[in-house]
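What follows is a single structure, written as structure tokens, with notes after it.
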Amino acid sequence: MTKIHVKTNINGDKVEFLTDPRETLLDCLRNHIGLTGSKEGCGTGDCGACSCIFDGNLVSSCLVLGVEAEGKSIETIEGMAGEKELHPLQKKFIEMAALQCGFCTPGILIAAKALLDRNNDPTESEVRYWLAGNLCRCTGYDKIIKAVMETAKDIRETA
Amino acid sequence: MQYHSPSSFNEAVAISNSSSGLVKYLAGGTDVLVQLKIGTKSPDHLIDIKNIPGVREISLRDDGGYTIGAAVSGAQLTDHKELSKKWPGLVEGMELVGSAQIQSRATLVGNLCNGSPAADSVPGMIAAGASVSILNSSGTKDVLVEDIPSGPGSTSLKNGELITAINLPKRNDYEGDAYLRFIPRTEMDIAVVGCAVNLSLENGFITTAKVVLGAVGPKVMLAHSAADCLVGTKLDDNILSRFSAKCSQIAKPISDKRGSAEFRKDIIGVIAQRAARKAYDRALGKY
Ligand SMILES: Cc1cc2nc3c(=O)[nH]c(=O)nc-3n(C[C@H](O)[C@H](O)[C@H](O)COP(=O)(O)OP(=O)(O)OC[C@H]3O[C@@H](n4cnc5c(N)ncnc54)[C@H](O)[C@@H]3O)c2cc1C
Ligand code: FES
Ligand code: FES
């Protein structure tokens, strides 16, 4: 199988990799680029553990082919924190213990960031619907929803 | 598998016609990649249409109708205020497809071409009287969306035929549509039954009605005789209960893990009645 040479941009850095056209973006991130923050929970779009921002849109990277990344820009969990400080969502998740095993956490943080970037005043139902594609087997969701609501509040107050 | 990313529709069709083995077009990939992963359909050639100029555009035609490019995502439809106001039923059908992650990618055309009898956006497109523009090696043609589904997982599209856009007719005053589905959860599930209704009114009386049932037969289907119960009425309670009974009668569902045939026949009547009421209120401009 001939591999395809893909040039893309990940978290602001130029990245090139070789991929079999059947491989997903998630496979490429984890196995070729060494970014293992995005997780594979299901591989079929149901769990959100592989969530990334692909050309400005929240996607499940298990449902995007690696070859589709050509010329695009991608944001993953590895790019979420600033140079010195964690993202406000990351800080709040730690402060409010919105995670247990942590497997779902990168996907949930990316998805929650995508929501707050477009709406920093969501209702609780809006947060719950937005995160319906992110499954968590540990927390029971309540702490996650509260942490997102609290972060939104902080963002509004500092804005 | 070979991946192709043509820069025009003609090039896409040419690649399809000159390739052997299983050839598939790729829109949002939310069905194609799942099938690839679980190994049910493993194409030899995958032709990505998303890099074709204009394929993600929603445009208003001179005749007042909308043309929706083949790769327009669910999220783009919802974000389009004017389209959502004119065709709330069509948009809410697509909006029910999957999570926020799926909405960024999934398309109306993919939902249609995947051929599921439970596809959530298809009843709304058929009720709207939408057509698709199809390109093949001999040229382009327009076909009604209702003529595309042909059975579970299959369509009337011939090998190599590519849908380039969906065309919605012009919307007039006193018209309204709605789509409702029944699922046992609140999000992220496949319709047990679904129903779209599209109505036009004159002085409060229904002049034309289209009723489309999903997940209660081998394909999404138009329910002409149920629609006929509505025409000439103001949708009072008697009419609604006759209409509901008619929808249950027409439905020919199977029993599966999502619901028994008996339950589906029963619940389609309830859902259809609510969808009709919602479409009627929208036609009156209530919301
Ligand atoms: C987690 C999850 C949840 C889902 N929930 C729902 C749901 O609630 N309701 C629902 O109805 N569906 C649901 N789906 C299924 C899927 O998301 C939809 O069917 C979606 O609309 C498919 O669109 P797509 O653009 O991703 O299609 P693709 O996967 O790109 O393509 C689907 C089919 O259409 C063909 N095709 C694509 N473009 C063209 C074209 N231009 N011309 C001809 N053929 C073409 C492809 O070859 C393929 O056979 C879900 C899927 C996932 C993964
Ligand atoms: S691994 Fe991608 S959604 Fe589950
Ligand atoms: S913290 Fe374990 S899956 Fe969410």
Side-chain angles (χ1 to χ4, degrees), chain A residues 1-4 6 19-27 38 40-72 107-108 110-115 118-119 122 125-135, chain B residues 1-7 19 22 24-51 56 71-79 92 95-107 110 114 183 185-190:
Chain A
M1 176 60 63
T2 42
K3 298 223 169 183
I4 296 182
V6 178
T19 175
D20 178 304
R22 281 168 303 193
E23 285 178 304
T24 64
L25 176 60
L26 177 63
D27 296 332
S38 308
E40 177 167 281
C42 63
T44 51
D46 297 291
C47 76
C50 63
S51 298
C52 288
I53 308 291
F54 185 77
D55 250 15
N57 297 308
L58 176 67
V59 301
S60 287
S61 60
C62 70
L63 294 187
V64 177
L65 290 172
V67 284
E68 292 183 63
E70 176 68 38
K72 300 287 194 297
I108 290 191
I110 285 284
K113 178 175 178 293
L115 172 64
R118 54 186 269 154
N119 176 9
S125 320
E126 281 170 338
V127 176
R128 286 186 184 272
Y129 270 102
W130 185 268
L131 294 179
N134 290 86
L135 302 184
Chain B
M1 184 186 90
Q2 242 182 297
Y3 170 83
H4 308 265
S5 178
S7 51
S19 304
L22 182 61
K24 292 227 121 215
Y25 291 115
L26 175 70
T30 61
D31 283 316
V32 168
L33 266 83
V34 172
Q35 290 156 4
L36 198 62
K37 172 88 185 179
I38 60 180
T40 46
K41 281 182 195 156
S42 204
D44 300 294
H45 293 269
L46 200 53
I47 307 172
D48 190 350
I49 62 162
K50 289 191 294 294
N51 296 313
R56 289 158 182 270
V72 167
S73 66
Q76 273 181 280
L77 286 185
T78 320
D79 288 344
E92 74 199 346
E95 200 179 356
L96 287 171
V97 171
S99 56
Q101 286 86 341
I102 303 297
Q103 281 290 309
S104 305
R105 306 276 290 170
T107 65
N114 190 52
I183 55 170
R185 314 169 66 197
T186 43
E187 261 288 82
M188 294 289 280
D189 209 346
I190 294 170

So for [X], is it side chain, backbone, both, or neither that comes closer than 4.5 Å to the heavy atoms of chain B?
| X | result |
| --- | --- |
| A/Tyr129 | both |
| A/Cys52 | neither |
| A/Ala111 | side chain |
| A/Ser60 | both |

Determine whether a donor-acceptor pair (N or O, by modelled atom type, separation under 3.5 Å) exists between the side chain of B/Ser104 and the backbone of A/Leu58.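 Yes; judged by distance alone, with no hydrogens or angles, the pair exists.
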To the nearest 0.5 Å, what is the distance between [atom1] ([X]) and [atom2] ([Y])?
| X | Y | atom1 | atom2 | answer |
| --- | --- | --- | --- | --- |
| B/Ser99 | A/Trp130 | OG | CH2 | 9.5 Å |
| A/Glu70 | B/Asp48 | CD | CG | 12.0 Å |
| A/Asn57 | B/Gln103 | CG | CD | 11.5 Å |
| A/Glu68 | B/Leu46 | CD | CG | 8.0 Å |
| B/Ser5 | A/Leu65 | OG | CG | 11.0 Å |

Residue pair A/Asn134 / B/Gln101, side-chain donor-acceptor N/O under 3.5 Å: yes
Is the shortest side-chain N to carboxylate O distance from A/Asp55 to B/Lys50 below 4.0 Å? no
CA sep, side-chain torsions, deciding dist, call: B/Ile102, A/Leu63, side-chain contact (heavy atoms from CB on, under 4.5 Å): CA-CA 9 Å; B/Ile102 303 297; A/Leu63 294 187; 3.6 Å; yes
Between A/Val64 and B/Leu33, what is the shortest heavy-atom contact and its length?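 Heavy-atom minimum between the residues: N-CD2, 3.6 Å.
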Against chain A, label B/Asp31 side chain, backbone, both or neither, depending on which of its atoms sit under 4.5 Å from a heavy atom there. neither
